[in-house]
Amino acid sequence: MASTLGVAVVGFGWMGRVHTQAYVRLPHHFPQLGLRPELVMVAEEVPGRAEEAAAQFGFASTARDWRAVAADPHVQAVSITAPNFLHREIGVAMAEAGKHIWIEKPVGLSAADAGAVADAVAKSGVRGTVGFNYRGAPAVERARQLIASGEIGTVTHVRVRLFSDYAAHPDGALTWRYERERGGSGVLGDLASHGVDLARFLLGDISALTADTAVFVPERSRPDGATAGHTRASGGEPGPVENEDYVSCLLRFASGARGVLEACRVSVGEQNNYGFEVHGTKGAVFWDFRRMNELGVSSGTSYQDQPVSTVFVGPGDGEFGAFQPGAANAMGYDDLKVIEAYRFVRSVAEGIPYGATLTDAVRSAAALDAMSRSVESGAWVSLGA
């Protein structure tokens, strides 16, 4: 019989709910796992929200202050899904309290913040997983294998895109997401962090970059009360948007490959248009999150006029077999968080890292910091190994 792992969730907005649902589903998809999550505590400062979460999902206890989670000996692992500006303080405190952490990206507001959490995890000996969920898509993992096998030849260049309209409405509330002090670098931390992780996951380390950013919706209304997700607010006190709506970036990889990364949170007409195109000397591979379980693959010896085939992933690709019995059956976003939960809990059970780690978070944050420096200087910025 599987042992239990006492888990807590800190911050119960939309992402806290997603993490909780992943824990609940974990035994159904991965019954072989030697640890079974037990929902011990949920912490949320908005009045009533933790109690609602406990009533729906069965958390044993609730708290308004996340410090109660750190102090509870029954909590062994923690999901940190609070706003970005709290990630460093909470992450360090949980690691120092001996709690394994599954923390959402970006891990804080800078590479220094991510590094502080990574150091605390390393010193305490706990496990740390980061919410770079798109790398866990079975099609993305298959693409990585195709690239590594040399099927498309030597990679020459990649384009990574992350376009969304979640902030496109001018009545979108001026929440913490749009403040430099609490939300950090805007779309860089929110979407481009995923883009950097995908680029590194597929092609290896980035050696240098140059970037440009813009704010296209410069002013928003402040909300009257607590918010969740991307709330609208009209008629309230207006305030400035302090961080970036858009970023474009040229990348140089240690391998010699080149890349383009582009992300925007105010792209009207684009709903979660995330994906990549990787080109090599003999072929190419294409992925679109909106068709998550498909890959476009071009390979062979034709070079010119070489066709592209649609490949449906199936059992044997990543963790697909834990969800569907045959190729071309659909998986969705929440399934990616179940995969994250599985790899997090497996890391705890086996003492070996699985999935994205704090090292990946630090590397992503370093690239985001370099983008900001490049915007300020107008120059290329080198990244250390």
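Evaluation of the salt bridge (charged side-chain N to carboxylate O under 4.0 Å, His left out) rule for Arg36 yields no partner, not counting sequence neighbours. Residues meeting the side chain to side chain donor-acceptor pair (under 3.5 Å) test with Arg258, sequence neighbours left out: none. Arg373 meets the salt bridge (charged side-chain N to carboxylate O under 4.0 Å, His left out) test with no other residue; sequence neighbours excluded. Not counting sequence neighbours, the partners of Lys105 by the salt bridge (charged side-chain N to carboxylate O under 4.0 Å, His left out) test are Asp190. In terms of the side chain to side chain donor-acceptor pair (under 3.5 Å) criterion, Asn293 has no residue partners (sequence neighbours excluded). Legend: residues meeting side chain to side chain donor-acceptor pair (under 3.5 Å) with Gln56, ordered by chain and number and at least two apart, are Arg17. By the salt bridge (charged side-chain N to carboxylate O under 4.0 Å, His left out) test, Glu141 pairs with Arg343, sequence neighbours left out.
Closest heavy-atom contact between Gly6 and Val40: CA-CG2, 3.6 Å. The two atoms that bring Phe276 and Ala143 nearest to each other are CZ-CB, 4.0 Å, heavy atoms only. Smallest separation of non-hydrogen atoms from Pro47 and Arg64: CG-NH2, 3.8 Å. Taking each heavy atom of Val160 and Gly195 in turn, the nearest pair found is CG1-CA, 3.8 Å. In this structure, Ser185 and Asn243 approach most closely via the heavy-atom pair C-CB, 3.9 Å. The two residues Leu174 and Pro240 come nearest to each other via the heavy atoms CD1-O, 3.6 Å.
Using modelled atom types, no side-chain atom of His194 and backbone atom of Phe132 make a donor-acceptor pair closer than 3.5 Å. Judged by distance alone, with hydrogens and angles left aside, the side-chain atoms of Glu44 form a donor-acceptor pair with the main-chain N or O of Phe12 at under 3.5 Å. With hydrogens and angles disregarded, no donor-acceptor distance shorter than 3.5 Å links the side chain of Ser207 to the backbone of Ser382. Side-chain N or O atoms of Asp288 include none that pairs as donor or acceptor with a backbone N or O of Gly275 at under 3.5 Å. Between the side chain of Glu242 and the backbone N or O of Arg180 there is at least one donor-acceptor pair closer than 3.5 Å. Ser124 contributes a side-chain N or O that, together with a main-chain N or O of Ala95, makes up a donor-acceptor pair within less than 3.5 Å. A donor-acceptor distance shorter than 3.5 angstrom exists from the side chain of Thr81 to the backbone of Val10, with no hydrogens or angles considered. Ser374 places a side-chain N or O within 3.5 Å of a backbone atom of Ala379 that can act as its donor or acceptor partner.
For CD of Glu181, the number of neighbouring non-hydrogen atoms (other residues, nucleotides, ligands) closer than 6.0 Å is 12 at most.
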Report task. Begin from the C-alpha positions of Met292 and Tyr333 and carry the test side-chain contact (heavy atoms from CB on, under 4.5 Å) through to its verdict. Result -> CA-CA 9 Å; Met292 192 177 85; Tyr333 176 88; 6.0 Å; no
Report task. Assess whether side-chain contact (heavy atoms from CB on, under 4.5 Å) is satisfied between Val140 and Trp287, documenting all intermediate values. Result -> CA-CA 7 Å; Val140 174; Trp287 181 71; 3.7 Å; yes
Requested in this report: May I have the step-by-step check of side-chain contact (heavy atoms from CB on, under 4.5 Å) for Glu179 and Phe85, ending in yes or no?
Outcome: CA-CA 10 Å; Glu179 299 175 0; Phe85 67 96; over 6 Å; no
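Side-chain contact check for Asp245 versus Val187: every heavy-atom pair is 4.5 Å or farther apart. Considering only heavy atoms from C-beta on, Pro106 comes within 4.5 Å of Asn84 through its side chain. Between Val297 and Arg142, the closest side-chain pair of non-hydrogen atoms is not below 4.5 Å. A heavy-atom distance below 4.5 Å is found between the side chains of Val7 and Leu39. Annotation: side chain of Asp335 is in contact with side chain of Arg25 (closest heavy-atom distance under 4.5 Å). Taking the side chain as every heavy atom from C-beta outward, Trp66 and Ile80 never approach each other to under 4.5 Å. The shortest side-chain heavy-atom distance between Val42 and Phe57 does not fall under the 4.5 Å cut-off. Side chains of Asn273 and Ser267 form no contact here, defined as non-hydrogen atoms less than 4.5 Å apart.
Salt bridge annotation for Arg127-Glu350: absent, with no cationic side-chain nitrogen under 4.0 angstrom from a carboxylate oxygen. Ionic pairing of Glu270 and Arg265 is not present here: no N-O contact between side-chain nitrogen and carboxylate oxygen is shorter than 4.0 angstrom. Salt-bridge annotation for Arg161 and Glu277: present, with a side-chain N of the basic residue lying under 4.0 Å from a carboxylate O of the acidic one.
If you take CH2 on Trp102 and NZ on Lys337, they are separated by 5.5 Å, rounding to the nearest 0.5 Å. Interatomic distance, CZ of Arg177 versus CZ of Arg220, reported as 11.5 Å (0.5 Å rounding). Atoms CD1 and CD1, on Ile101 and Ile90 in that order, are 10.5 Å from each other to the nearest 0.5 Å. Rounding to the nearest 0.5 Å places OH of Tyr354 at 15.5 Å from CD1 of Ile339. Considering OG1 of Thr62 and CD of Glu51, their distance stands at 4.0 Å, rounded to 0.5 Å.
No side-chain donor from either of Asn272 and Arg290 sits under 3.5 Å from a side-chain acceptor of the other. Residues Gln306 and Ser298 bring a donor and an acceptor atom of their side chains to less than 3.5 Å of each other.
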In residues 109-121, what donor-acceptor pairs under 3.5 Å come from side-chain atoms, sequence neighbours left out?
from	atom 1	to	atom 2	distance (Å)
Ser110	OG	Ala112	N	3.4
Ser110	OG	Asp113	N	3.2
Asp113	OD1	Arg88	NH1	2.9
Asp113	OD2	Leu109	N	2.8

For a quick test of your reading: what N or O donor-acceptor pairs under 3.5 Å do the side chains of residues 196-203 make, sequence neighbours left out?
from	atom 1	to	atom 2	distance (Å)
Asp197	OD1	Arg135	NH2	2.8
Asp197	OD2	Arg135	NE	2.9
Arg200	NE	Asp205	OD1	3.2
Arg200	NH1	Asp360	OD1	3.3
Arg200	NH2	Asp205	OD1	3.1

Output side-chain donor-acceptor pairs under 3.5 Å for residues 147-156, partner residues at least two apart or in another chain, one line each.
from	atom 1	to	atom 2	distance (Å)
Ser149	OG	Gln145	O	3.4
Ser149	OG	Leu146	O	2.8
Ser149	OG	Glu151	N	3.4
Glu151	OE2	Ser299	OG	3.3
Thr156	OG1	His279	O	3.1

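Chaining together hydrophobic side chains whose heavy atoms lie under 4.5 Å apart places Val217 alongside Phe216, Tyr246, Val266.
Identified under the side chain to side chain donor-acceptor pair (under 3.5 Å) test for residues 67-80, with sequence neighbours left out: His19-Ser79, Tyr23-Ser79, Asp65-Arg67, Arg67-Glu89, Asp72-His74.
Leu368 and Leu250 are not part of a single hydrophobic cluster, where members link through side-chain heavy atoms under 4.5 Å apart.
Taking the ring centroids of Trp14 and Tyr166, they lie at or beyond the 6.0 Å cut-off.
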